[in-house]
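Both backbone and side-chain heavy atoms feed into the values below; hydrogens, waters and symmetry mates do not. Note that the structure is a prediction, hence the values are computed from the model and not measured.
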Amino acid sequence: MRFKRWPAIIAGLVLLAVVGTVLVVWLASGEPETPTATPSPSAPAVPSPSAAAPSPSAQVTGDGVVFDFTNGLEQARVVGSTIGALTVREESQVGGDISLVPRDGDFAVRFPAPCPGKDDKQCPRAILDAGADPALNPGLRAFRWGAAVLMAPEETSKGANVLQKGYSQVGTQFKLQVDGAKGIPSCVVAGPQGGKNVIHVAQATQGVADGRWHTVECARDGGVLRISVDGVQQGEATLPADLSIENDAPLRIGGKGVATNNDQFHGTLDDLFVAIG
């Protein structure tokens, strides 16, 4: 008789196991799920080489002008109310040419390539001239100027002008340039001091001629001139706080003119700006 009880005992054990499993699942369903691991923070996005730092021209909030080439070579975007319409004119010699090139869904401008010959008179030269609007004279006000710069190692020269207004030997000047084989940018303010013109230079420690985009910004505030590359300050210089920068010279991009020895810039520029106040 006792062997006949085994099927009933086994069936009872199976039923008990099923009921226990259902009970455990029901109790667990009301509890929050425990995470299996703490999520790690996302890695920061790596900026593209064409946007090494936020465009400095986007920071122009007072009076000033921006050359972003959205509408071609011959128009500048004017910021503020004191500057009227600003027409940009291309000037060239010996077949020099400035061309629009795509950049981040917009345009940048490319200047003539380095000249292989030793006779500078035979080298192509080209600049952009934005005229001599007096509203672009900062006087004693704090102001900034700069650009996004793309240069290959083979595009350097002893002196390459990015942006300038005025001349260093007479009157007053502000300027951004990239000099030497390493492509070291520097900011320049010049003017009369003690009966003669004195040139004040804030030079960066980092070259920009590496085939990648870099933003370079100059800032004059009172008696201090500063230079920043990709948003990091790299150098400064002192100058007289009472040096008022005013001249009737045109604002020029890519060189001081189209005559020989014009400090021709070779490479590509975008988002040039002057911001006053």
Side-chain angles (χ1 to χ4, degrees), residues 50-51 55-115 123-138 143-151 155 160-167 173-178 213-218 245-260 262-276:
S50 63
S55 168
S57 65
Q59 304 171 26
V60 179
T61 56
D63 290 331
V65 61
V66 175
F67 304 86
D68 55 14
F69 309 110
T70 302
N71 298 314
L73 291 176
E74 298 180 353
Q75 295 184 37
R77 180 161 54 92
V78 175
V79 181
S81 60
T82 61
I83 302 176
L86 200 61
T87 301
V88 182
R89 184 178 70 254
E90 180 180 355
E91 296 183 0
S92 64
Q93 288 282 353
V94 200
D97 182 58
I98 299 173
S99 58
L100 288 170
V101 294
R103 180 188 179 224
D104 292 345
D106 209 324
F107 294 101
V109 289
R110 183 162 183 79
F111 288 80
C115 181
C123 292
R125 302 181 291 276
I127 66 164
L128 295 176
D129 187 317
D133 195 306
L136 291 172
N137 289 326
F143 75 111
R144 298 176 294 113
W145 66 103
V149 178
L150 174 66
M151 294 181 76
E155 292 177 324
N161 284 8
V162 175
L163 179 153
Q164 78 172 69
K165 188 175 191 299
Y167 304 96
Q173 178 195 65
F174 65 86
K175 176 180 177 181
L176 168 60
Q177 60 191 8
V178 181
W213 281 101
H214 296 277
T215 57
V216 185
E217 179 178 319
C218 306
I245 303 175
E246 298 182 58
N247 58 66
D248 58 1
L251 179 69
R252 286 174 168 166
I253 296 169
K256 61 186 178 184
V258 291
T260 55
N262 71 327
D263 294 334
Q264 179 68 54
F265 178 85
H266 309 290
T268 309
L269 297 174
D270 195 8
D271 287 321
L272 298 101
F273 75 98
V274 178
I276 302 174

Measuring from atom CZ of Phe111 to atom CD1 of Ile253, what distance do you get when rounded to the nearest 0.5 angstrom? 6.5 Å
Among residues at least two apart in sequence or on other chains, which ones pass side-chain hydrogen bond (donor to acceptor under 3.5 Å, both in side chains) with Asp97? none
Is it the case that over 12 heavy atoms from other parts of the model lie below 6.0 angstrom from the CZ atom of Phe107? no
I would like to know whether Lys165 and Asn137 meet side-chain contact (heavy atoms from CB on, under 4.5 Å); could you show each step before the answer? CA-CA 9 Å; Lys165 188 175 191 299; Asn137 289 326; 2.8 Å; yes
Can you list every pair that meets ring pair (Phe, Tyr, Trp, His ring centres under 6.0 Å) and has a residue in residues 83-103, with sequence neighbours left out? none
Going by the rule side-chain hydrogen bond (donor to acceptor under 3.5 Å, both in side chains), which residues pair with Asn262 if we only count those two or more places apart in sequence or in a different chain? Gln264
Please identify each residue that fulfils side-chain hydrogen bond (donor to acceptor under 3.5 Å, both in side chains) with Asn161, with sequence neighbours left out. Gln164, Lys175
Leu269 pairs by side-chain contact (heavy atoms from CB on, under 4.5 Å) with which of Val149, Leu150, Ile98, Leu128? Val149
Considering residues at least two apart in sequence or located in another chain, which fulfil the side-chain contact (heavy atoms from CB on, under 4.5 Å) criterion with Ala76? Val65, Phe67, Leu86, Val88
Working note: Gln93 + Thr260, criterion side-chain contact (heavy atoms from CB on, under 4.5 Å); need CA distance, chi angles, decisive distance, verdict. CA-CA 9 Å; Gln93 288 282 353; Thr260 55; over 6 Å; no
Taking ring pair (Phe, Tyr, Trp, His ring centres under 6.0 Å) as the test, write out the residues that go with Phe143, two or more places apart. Trp145, Phe174
Taking salt bridge (Lys or Arg N to Asp or Glu O under 4.0 Å) as the criterion, tell me which of Asp271, Asp106, Asp68 meets it with Arg77. Asp68
